[in-house]
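Notes for the one structure printed next.
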Amino acid sequence: MVNITLPDGQVIQLAKGSTVQNVAEHIGPGLAKAALAGRINGRHVDLSFQLHEDTPVQLVTSRDADGLELMRHSCAHVMAEAICSLWPEARLVYGPTVQDGFYYDIDLDEPIRPTDFEQIEARMAEIVKADVPFSRHELTRDQAIEKLKDDKYKLDNVLRADGDVISFYSQGDGFEDLCRGPHVPSTGKIGAFKVMSVAGAYWHGDATEKMLQRVYGTTWASKKELNHYLHCLEEAKKRDHRVLGKQLDLFSFSDMGPGFAFMHPKGMIIWNSIVDFWRSVHDRFGYDEIKTPIILNEALWHRSGHWENYKENMYFTTVDEVTYAIKPMNCPGGCLAYKTRQHSYKEFPLRVAELGLVHRHEASGVMHGLFRVRQFTQDDAHIFCTPRQIEDEIVGVIDLTFELYRAFGFEDIHIELSTKPEKHIGSDEIWETATESLKKALNTRHIDFQINEGDGAFYGPKIDFHIKDCLGRSWQLGTIQLDFSMPERFGLTYTDEDNTDKTPVMIHRAVLGSFERFIGIIIEHFAGSMPVWMSPEQVRVLPISEKTSDYANQVVGQLKAQGVRVQCDLSNEKIGAKIAKAHADKLPCMLVVGPQEAESGHVNVRVRGEKANKTIDFREFSGILGKAIIDKSTNIAL
RNA sequence: GCCGACGUAGCUCAAUGGUAGAGCACAGCUUUCGUAAAGCUGAGGUUGAGGGUUCAAGUCCCUCCGUCGGCUCCA
């Protein structure tokens, strides 16, 4: 007999060699049916796994996150079988699960097209309906290598696998695939699935290797959950900043300049609102602001090291037989500005911000709305300080960063610290101190962080800030990088207390990262419904008919005098149509006015997203609106 | 840059190789209206660009440009 400890502490006794499935059956018929796999000390095992010694066992069902993952993994095998039966020459490479689904990389010269998905799904449905068991058999490493010697991809997988036991899974009798497992007990246990897309992917993610076809699919425990997922995808599409940017007339792109955004008047209001706020915070944190040229002599970029390391991404131009570079970064210009006069330790730390417009020639396939462009504005700053000031300065940047993020409602902030890479400059000692000061600064603020060993820039360690938006997607925004190279290369100096010239430490930092990208992120985060303070149009006055035009204009005039961005809808439309239009434009607030309101000096307020409306005195409304703007409220609360 | 798909009116989309259409938006007129889209009329196009096949190309073929989904890269 073996003693099986269940998660609730209960111990059951079963015959030696009983399977995990037997455990489920012992607990109850419902669980026996729902069980997909077992978990022993954190390791997943098949239901057919035999228990030979006392052990804790947990059962996994489709209601567990990892149960769903197993189901997806098994579904990947089913899709692989379907594809192999439709294209016998297809060679399987690698088929893992990913967020919300799975993919399978396939080497097949004939392209799989979206129109083929239906056929693949139909074949998959047959396999699932047949409800054939997944069965595991094991070989030793050597046996597996011998078996797979003619299969370049699977052989590679075996060579990369850990352990001496290599397992294979087959479903039914025809299809077999190298796989660590475990799997759901049979194909019938796979829930609702859908083939989603196909795209190219390099083998091993290496651009010099062959391009494979990566077929993406998704699996859910039920049809209902699958539909919910597909619905969510539709919803996410509606808040896509590229869609909203067009719909709300915020920005555009032209064939005449791929990757170069055109910001429209409404987009510029959002932009300038952020800049105003950004300036006020930087002013409070003791920053100066400069602006350096966009085009500078090529020689500067040789000195900075960009020529060697970044030339492929830079734009160049020649005027009067002199070659210039369009700046991809602001730091060299910042160094030139620093060098225009002497500096003393007494003026340190010197915090110099720059909303710098940079150009980077990104590969054509990577552009993506405002998220990835070829021209963007960095909210950059360079802090020149002494080594002893590093820690305090980092703490200051962290505080400033959190303050800015929180103003936009980003509370879920994740931080990563990247340390010395193999290819680096500067002594180990200085790397050690620098990394320690970054760590200490984070600890001072009691901030948890993840360490990415060896991921730092070649010139210094860095901290990256990632935020999560309302859909739970993660975005890297800010970065703080210590630099020991640039001040040296540019011969930057300051006079220290002992009257000797020393090289300052340079801290590069960006908080929002790129204005373009940040605006894209907040558009998606707020689904286009911008908080009142940065809403392009804060209030729209909607007169019931022309009879109330005068009063409406009077209300508009008073709000304008108060500095509110307000418009009046004098179109020849019924009030319902005006309201619908204002909703479509995602106005934070609309004021319906008719003879009744005109008579009493009231306004009927409708707040974005709410069906209810309320008639209040205009002065009262004006106060509420003013407070919502100052407080940076997402919506107006009556 | 690589793989695949796509590109029709301002926007969203139709059109077995056979006369390019609809809805919304826009303009004019009617209506002057009380809370999520009134009615009529009108204007709007070298179907991304350039070649080719064909009696005939939005549709088939080639090249280029751009967009989308990924890969690689990255703010």
Side-chain angles (χ1 to χ4, degrees), chain A residues 98 103 105 108-116 196-216 237 240 242-243 246-247 249 252-259 310 312-313 328-330 356 358 360-380 464-465 475-479 481 508 510-518 520-521 542-549 570-585 590-597 604-606 608-615:
Chain A
V98 288
Y103 66 76
D105 279 348
L108 171 67
D109 290 333
E110 182 192 337
I112 296 175
R113 299 195 161 81
T115 47
D116 298 322
M196 300 297 287
S197 63
V198 58
Y202 300 111
W203 190 38
H204 291 163
D206 182 340
T208 62
E209 287 287 358
K210 180 167 186 183
M211 178 141 305
L212 309 166
Q213 299 196 63
R214 178 168 294 180
V215 185
Y216 286 86
K237 225 163 135 185
D240 186 318
R242 293 167 300 185
V243 173
K246 199 179 269 184
Q247 199 180 312
D249 195 16
S252 62
F253 287 92
S254 160
D255 286 3
M256 292 298 114
Y310 210 72
E312 284 66 36
N313 283 301
M329 296 184 196
N330 302 302
V358 297
R360 297 182 185 175
H361 185 264
E362 300 290 347
S364 62
V366 308
M367 259 109 62
H368 183 97
L370 291 177
F371 288 170
R372 197 76 185 273
V373 288
R374 285 177 170 164
Q375 172 192 267
F376 59 98
T377 304
Q378 285 184 309
D379 67 323
D380 212 347
D464 290 325
F465 295 82
W475 302 100
Q476 192 201 316
L477 295 181
T479 179
Q481 305 180 354
H508 305 248
V511 179
L512 304 180
S514 139
F515 262 79
E516 284 77 356
R517 189 160 93 131
F518 185 71
I521 291 168
L542 313 177
I544 297 282
S545 78
E546 280 174 26
K547 288 176 187 163
T548 324
S549 295
L570 292 170
S571 66
N572 182 13
E573 289 290 350
K574 301 213 283 194
I575 194 64
K578 292 184 183 183
I579 290 169
K581 179 80 169 57
H583 273 291
D585 292 345
M590 45 200 113
L591 302 180
V592 175
V593 294
Q596 290 164 29
E597 286 78 14
N604 177 264
V605 190
R606 238 179 192 273
R608 176 172 58 199
E610 288 174 30
K611 193 132 188 133
N613 55 83
K614 195 175 170 187
T615 301

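Heavy atoms only: backbone and side chains are in, while hydrogens, waters and symmetry mates are out. First the proteins, then the strands, lettered A, B, ... as listed; each starts at 1.
In this structure, CE of M329(A) is placed 10 Å from C1' of C74(B), rounded to the nearest angstrom. Rounded to whole angstrom, the span from the CG atom of L370(A) across to the P atom of A75(B) amounts to 17 Å. When rounded to the nearest whole Å, the span between CD of E573(A) and P of U35(B) equals 15 Å. Counting to the nearest Å, the C1' atom of A75(B) and the CG atom of D379(A) are 10 Å from each other. If you take CD1 of I544(A) and P of U35(B), they are 7 Å apart, rounded to a whole angstrom. The NE2-C1' distance, from H508(A) to C74(B), rounds to 17 Å in whole Å. One atom, CG of N330(A), and another, C1' of A75(B), lie 11 Å apart when rounded to the nearest Å. Atom pair F253(A):CZ and G10(B):P shows a separation of 20 Å (rounding to whole Å applied).
Between U8(B) and U47(B), the two C1' atoms lie 4 Å apart (nearest whole Å). Taking atom C1' on both nucleotides, G52(B) is separated from A57(B) by 11 Å, rounded to a whole Å. Comparing the C1' positions of U30(B) and U67(B) gives a spacing of 43 Å, expressed to the nearest Å. Taking the P atoms as reference points, A22(B) lies 12 Å from A43(B), given to the whole Å. Rounded to whole Å, the P atom of G1(B) lies 47 Å from the corresponding atom of A37(B). The same atom, C1', is picked in A36(B) and in G28(B); the two are 27 Å apart, to the nearest Å. Nucleotides U35(B) and U16(B) have their C1' atoms positioned 49 Å apart, rounded to a whole Å. The separation of G50(B) from U12(B), taken at their P atoms, amounts to 23 Å, rounded to a whole angstrom.
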- Message: Expected output check: what is the dot-bracket annotation of RNA chain B, where ( ) and [ ] are pairs inside the strand (brackets for crossing ones), | is paired with another strand, and pairs are Watson-Crick or G-U under 3.5 Å?
- Response: (((((((..((((....[..)))).(((((.......))))).....(((((..]....))))))))))))....
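Partners of D240(A) under the side chain to side chain donor-acceptor pair (under 3.5 Å) rule, at least two apart in sequence or in another chain, are R242(A). Partners of Q481(A) under the side chain to side chain contact (heavy atoms under 4.5 Å, CB included) rule, at least two apart in sequence or in another chain, are Y459(A), K462(A), T479(A), H508(A). For K210(A), the side chain to side chain donor-acceptor pair (under 3.5 Å) partners are D107(A), D109(A), not counting sequence neighbours. Applying the side chain to side chain contact (heavy atoms under 4.5 Å, CB included) criterion to K581(A), with sequence neighbours excluded, gives R540(A), D585(A). The ring pair (Phe, Tyr, Trp, His ring centres under 6.0 Å) check on H583(A) picks up nothing, with sequence neighbours excluded. Under the rule for a side chain to side chain donor-acceptor pair (under 3.5 Å), the partners of W475(A) that lie at least two apart in sequence or sit in another chain are D469(A). For S254(A), the side chain to side chain contact (heavy atoms under 4.5 Å, CB included) partners are M256(A), F262(A), not counting sequence neighbours. Residues satisfying the side chain to side chain donor-acceptor pair (under 3.5 Å) criterion with N313(A), sequence neighbours excluded, are absent altogether.
Looking only at distances, a side-chain donor or acceptor of E516(A) sits under 3.5 Å from a matching main-chain atom of T377(A). A donor-acceptor pair is defined here as one N or O able to donate and one able to accept, closer than 3.5 Å; no such pair exists between the side chain of Q476(A) and the backbone of D464(A). Judged by distance alone, with hydrogens and angles left aside, the side-chain atoms of Q213(A) form a donor-acceptor pair with the main-chain N or O of L108(A) at under 3.5 Å.
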Output one line per pair: protein atom, nucleotide atom from nucleotides 6-9 of chain B, and distance, for all N/O pairs under 3.5 Å.
none

Can you tabulate the close N/O pairs, meaning under 3.5 Å, that link protein atoms to atoms of nucleotides 69-73 of chain B?
unit_1 : atom_1 : unit_2  : atom_2 : d
G69(B) : OP1    : R242(A) : NH1    : 3.4
G69(B) : OP1    : R242(A) : NH2    : 2.8
G69(B) : OP2    : R242(A) : NH1    : 3.2
G69(B) : OP2    : H368(A) : ND1    : 3.4
G70(B) : O3'    : Y216(A) : OH     : 3.3
G70(B) : O2'    : Y216(A) : OH     : 3.3
G70(B) : N2     : G200(A) : O      : 3.4
G70(B) : N3     : G200(A) : O      : 3.4
C71(B) : O4'    : G200(A) : O      : 3.2
C71(B) : O2'    : Y202(A) : N      : 3.1
C73(B) : O2     : R372(A) : NH1    : 3.1
C73(B) : O2     : R372(A) : NH2    : 2.4
C73(B) : N3     : R372(A) : NH1    : 3.0

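Nearest nucleotide to the side chain of P595(A), out of G34(B), A5(B), A75(B): G34(B). Of the listed nucleotides (A75(B), U35(B), C11(B)), C11(B) has the atom at the smallest distance from the side chain of K246(A). With distances taken from any side-chain atom of F376(A) to the nucleotides U35(B), C33(B), A75(B), the minimum falls on A75(B). Listed nucleotides: G34(B), A38(B), A75(B). Nearest to the side chain of S514(A): A75(B). Comparing A75(B), U32(B), A36(B) by their nearest atom to the side chain of Q378(A) picks out A75(B). Comparing atom distances between the S364(A) side chain and each of A36(B), U35(B), G1(B) picks out G1(B) as nearest.
Summarising the geometry, atom CD belonging to Q375(A) is positioned 12.5 Å from atom CZ belonging to R360(A); distances are rounded to the nearest 0.5 Å. Rounded to the nearest 0.5 angstrom, I575(A) CD1 and T548(A) OG1 are separated by 9.0 Å.
Each of K578(A) and Q596(A) lies near RNA chain B, and the nucleotide nearest Q596(A) is the one positioned closer to the 5' end. Projected onto RNA chain B by closest heavy-atom contact, G609(A) and P111(A) fall at different nucleotides, the more 5' of which corresponds to P111(A).
Q213(A) comes within contact range of no nucleotide atom at all, as no heavy-atom separation falls under 4.0 Å. Using a 4.0 Å heavy-atom criterion, one finds that Q476(A) contacts the sugar-phosphate atoms exclusively. Note on I579(A): a base of the nucleic acid sits closer than 4.0 angstrom, heavy atoms only. Among the heavy atoms of the strands lying under 4.0 Å from K547(A) are primed sugar atoms or P, OP1, OP2 only; no base atom is included. Using a 4.0 Å heavy-atom cutoff across all strands shown, V373(A) reaches at least one base atom of the nucleic acid. Contact annotation for E110(A): no contact, since no heavy-atom pair falls under 4.0 Å across all strands.
With hydrogens and angles ignored, a donor-acceptor pair closer than 3.5 Å exists between the side chain of E597(A) and the base of G34(B).
Every pair passing salt bridge (charged side-chain N to carboxylate O under 4.0 Å, His left out) that includes a residue from residues 366-380 of chain A is listed here, sequence neighbours excluded: E362(A)-R372(A).
Listed here is the closest heavy atom pair of G520(A) and L370(A): N-CD1, 4.0 Å.
Taking 4.0 angstrom as the limit, K611(A) places a side-chain polar atom (N or O) nearer than this to OP1 or OP2 of A36(B).
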